Amino acid sequence: MKIKGIDYQGLKTDNNVFLAPIAGYTDYAFRNLLIKLGIGLTFTELVSAKGIVYKNKGNSGLLYSGNDYDKTAVQIFGSEPYYMRKACESEELLPFSVVDINMGCPVPKIYKNGEGSALLKDVLLAESIVKECVKSGKIITVKIRTGLKQGDDIASEYAKMAEQSGASLITIHGRVREAYYSGEPDFNAIEKAKKSVSIPVIANGGIFTTKDATDMIDKTGADGIMLARGAIANPFLICELLGKEKPCTLKEFMLNHVKLRRKIMSDKRASIEFRKFIPYYFKGIEGVKELKMKLLNAEDTETILELLDKNF
Ligand SMILES: Cc1cc2nc3c(=O)[nH]c(=O)nc-3n(C[C@H](O)[C@H](O)[C@H](O)COP(=O)(O)O)c2cc1C
């Protein structure tokens with residue numbers, strides 16, 4: 001795929017390969033490592049707008065971005081324009097220039113509250129959320145899906161609404177809510193949406209290889225791509241796309257990941273939550289069954305580091 005910077009609202013990214021918001025995975029540690037590998041822009045996982053306004057303590061870890069604020073957008077979710085704007089204007093979001101609005105989360109708890117992908121049912125509400133957030137003076141971006149049910153295609157309608165309401169960039173996850181995270185992305189829906197607006201369109205869904213990335217751009221004409229599970233399964237995909245040498249081995253990447261995690265959270269959390277990454281990191285690697293079992297049972301980071309160092 002052709003690598004180019006993305007211009008939006010006076011900002012320019014180094015390239016057009018972004019890291020998706022992925023709850024439970026893309027915290028500061030993972031984002032920072034991907035930034036070091038060269039990713040163009042990263043996103044925090046979805047953070048509740050109301051939680052930000054009411055200074056929910058749990059949010060500080062989600063928002064923490066070290067020295068990476070220039071390459072990190074914060075993603076917020078909610079259904080009330082008032083709280084969405086207040087969150088944009090909050091002290092907590094002061095270091096972020098870019099705020100992304102989540103209109104894609106399929107999780108029932110969020111959906112039932114009228115948040116995330118439920119906003120795809122009500123374009124007028126979605127529009128007033130974007131307009132209110134824009135008034136905050138932040139650069140506003142929007143992440144949508146192509147609809148709720150199979151056969152839906154609301155991407156162009158929402159892309160136009162987002163542009164007309166003042167959003168600066170839109171990301172389209174080419175799947176409907178019902179599909180969650182499986183199935184081929186709807187390339188046509190993304191292509192139609194891309195043709196209907198002049199703000200940059202970033203395409204997302206099912207990009208695990210350089211071929212997937214090239215296909216996504218060729219089939220949709222999108223300005224850039226957003227990697228999600230593909231970046232966890234192979235963090236060096238970004239290097240392959242940029243045509244760069246890998247600066248370290250997978251083992252070194254994992255060691256750095258664990259070390260960075262324990263700097264920003266308790267040792268227990270850093271080790272226990274690292275377990276989620278193990279199936280991704282070791283996918284397709286032979287002869288690591290025993291190591292994986294040991295890593296999955298490790299309860300402190302020192303044990304994980306030692307296991308990786310000696311056995312991988
Ligand atoms: C575990 C998990 C958590 C996710 N959390 C978020 C989130 O916080 N915000 C968001 O907009 N999308 C979230 N997503 C969706 C991804 O950003 C992305 O749109 C989706 O995984 C499709 O891309 P992929 O097929 O390349 O993985 C999540 C996906 C997964 C699998």
Side-chain angles (χ1 to χ4, degrees), residues 18-48 51-52 55-76 91-96 227-239 246-285 287-312:
F18 294 177
L19 175 67
I22 314 175
Y25 292 86
T26 53
D27 59 12
Y28 167 69
F30 192 77
R31 294 196 308 267
N32 178 261
L33 292 173
L34 268 280
I35 288 171
K36 285 183 185 141
L37 292 180
I39 203 102
L41 186 67
T42 69
F43 292 77
T44 69
E45 69 177 70
L46 78 176
V47 186
S48 156
I52 293 170
K55 299 189 189 304
N56 181 339
K57 282 208 179 77
N59 285 339
S60 59
L62 302 179
L63 297 172
Y64 178 73
S65 299
N67 291 320
D68 295 339
Y69 287 96
D70 59 332
K71 287 203 167 23
T72 310
V74 55
Q75 189 189 65
I76 60 170
E91 210 183 313
E92 281 77 2
L93 297 205
L94 221 51
F96 297 93
L227 308 176
R229 290 163 299 169
I232 310 175
N234 175 16
F236 301 120
L237 180 54
I238 176 65
C239 303
K246 292 180 197 178
C248 61
T249 61
L250 177 59
K251 172 176 168 172
E252 286 162 343
F253 183 90
M254 285 195 267
L255 291 172
N256 286 337
H257 191 187
V258 176
K259 285 177 193 163
L260 206 46
R261 287 179 64 79
R262 70 182 181 185
K263 270 195 192 163
I264 58 163
M265 60 187 85
S266 73
D267 197 84
K268 195 170 176 67
R269 218 181 120 199
S271 49
I272 290 178
E273 291 180 10
F274 183 71
R275 290 174 188 169
K276 286 185 293 198
F277 289 87
I278 293 171
Y280 281 105
Y281 285 161
F282 287 99
K283 194 162 184 214
I285 302 179
V288 288
K289 208 169 159 192
E290 197 183 327
L291 171 61
K292 271 165 61 182
M293 282 314 295
K294 284 184 179 159
L295 286 169
L296 289 170
N297 286 308
E299 292 200 359
D300 60 82
T301 58
E302 224 26 69
T303 309
I304 297 179
L305 293 174
E306 212 178 297
L307 281 166
L308 286 171
D309 202 31
K310 296 203 172 122
N311 302 286
F312 185 53

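Only a predicted model underlies this, so the values are computations on that prediction, with no experimental measurement involved. Side chains are part of it too, since the values below use all heavy atoms of this structure and drop only hydrogens, waters and symmetry mates. Along the sequence shown, the residues carry numbers beginning at 1.
From Leu260, atom CG reaches atom CG of Leu255 across 12.5 Å, with rounding to the nearest 0.5 Å. Atom-to-atom distance recorded for Phe96:CZ and Ile76:CD1 is 11.5 Å, nearest 0.5 angstrom. Between Arg275 atom CZ and Lys292 atom NZ the span is 15.0 Å, to the nearest 0.5 Å. Distance check, rounded to the nearest 0.5 Å: CG of Leu33 to NE2 of His257 gives 6.0 Å. The CD1 atom of Ile272 sits 11.5 Å away from the CG atom of Leu296 when rounded to the nearest 0.5 Å. Here Glu252 contributes atom CD and Thr249 contributes atom OG1; the two are 3.5 Å apart, rounded to the nearest 0.5 Å.
Asp309 contributes no side-chain N or O that, together with a main-chain N or O of Leu305, makes up a donor-acceptor pair within less than 3.5 Å. Although no hydrogens or angles enter the test, the distance criterion places a donor-acceptor pair under 3.5 Å between the side chain of Asn297 and the main chain of Met293. A side-chain donor-acceptor contact under 3.5 Å links Arg31 to the backbone of Thr26. For the pair Ser266 (side chain) and Arg269 (backbone), a donor-acceptor distance under 3.5 Å is present. At distances below 3.5 Å, not a single donor-acceptor pair connects side-chain atoms of Glu306 with backbone N or O atoms of Thr303.
In plain terms, the two heavy atoms of Leu307 and Leu291 that are nearest each other are O-CD1, 3.8 Å. The shortest heavy-atom contact between Ala298 and Ile304 is CB-CG1, 3.6 Å. In this structure, Gly230 and Leu237 approach most closely via the heavy-atom pair O-CD2, 4.1 Å. Contact between Pro235 and Ile232 at its shortest, heavy atoms only, is CD-O, 3.8 Å. Ala231 approaches Leu19 most closely through the heavy-atom pair CB-CD1, 3.7 Å. Shortest non-hydrogen contact noted between Thr301 and Ala270 is CG2-CB, 3.8 Å.
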> Step by step, would you call Ile285 with Leu250 a side chain to side chain contact (heavy atoms under 4.5 Å, CB included)?
Replying inline: CA-CA 11 Å; Ile285 302 179; Leu250 177 59; 3.8 Å; yes

>> Applying side chain to side chain contact (heavy atoms under 4.5 Å, CB included) to Asp68 and Thr42, what does each step give before you reach the verdict?
In response: CA-CA 9 Å; Asp68 295 339; Thr42 69; over 6 Å; no

>> Run Leu93 and Leu63 through side chain to side chain contact (heavy atoms under 4.5 Å, CB included) and show every step you take.
In response: CA-CA 8 Å; Leu93 297 205; Leu63 297 172; 3.9 Å; yes

>> Test side chain to side chain contact (heavy atoms under 4.5 Å, CB included) on Leu62 and Thr44; report intermediate values, then the result.
In response: CA-CA 7 Å; Leu62 302 179; Thr44 69; 5.8 Å; no

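The shortest side-chain heavy-atom distance between Glu45 and Gln75 does not fall under the 4.5 Å cut-off. Considering only heavy atoms from C-beta on, Thr72 comes within 4.5 Å of Ile35 through its side chain. Within the 4.5 Å cutoff, side-chain heavy atoms of Arg261 are placed close to those of Asp27. Side-chain contact check for Val47 versus Glu92: every heavy-atom pair is 4.5 Å or farther apart. At least one side-chain heavy atom of Phe282 sits less than 4.5 Å from a side-chain heavy atom of Met254.
A donor atom on one side chain and an acceptor atom on the other are not found under 3.5 Å apart for Ser271 and Asp300.
For the ring-ring contact (aromatic ring centres under 6.0 Å, His included) with Tyr25, the lone residue among Tyr281, Phe30, Phe43, Tyr280 that qualifies is Tyr280.
The neighbour count for Lys276 NZ, taken as heavy atoms of other residues, nucleotides or ligands under 6.0 Å away, is above 12.
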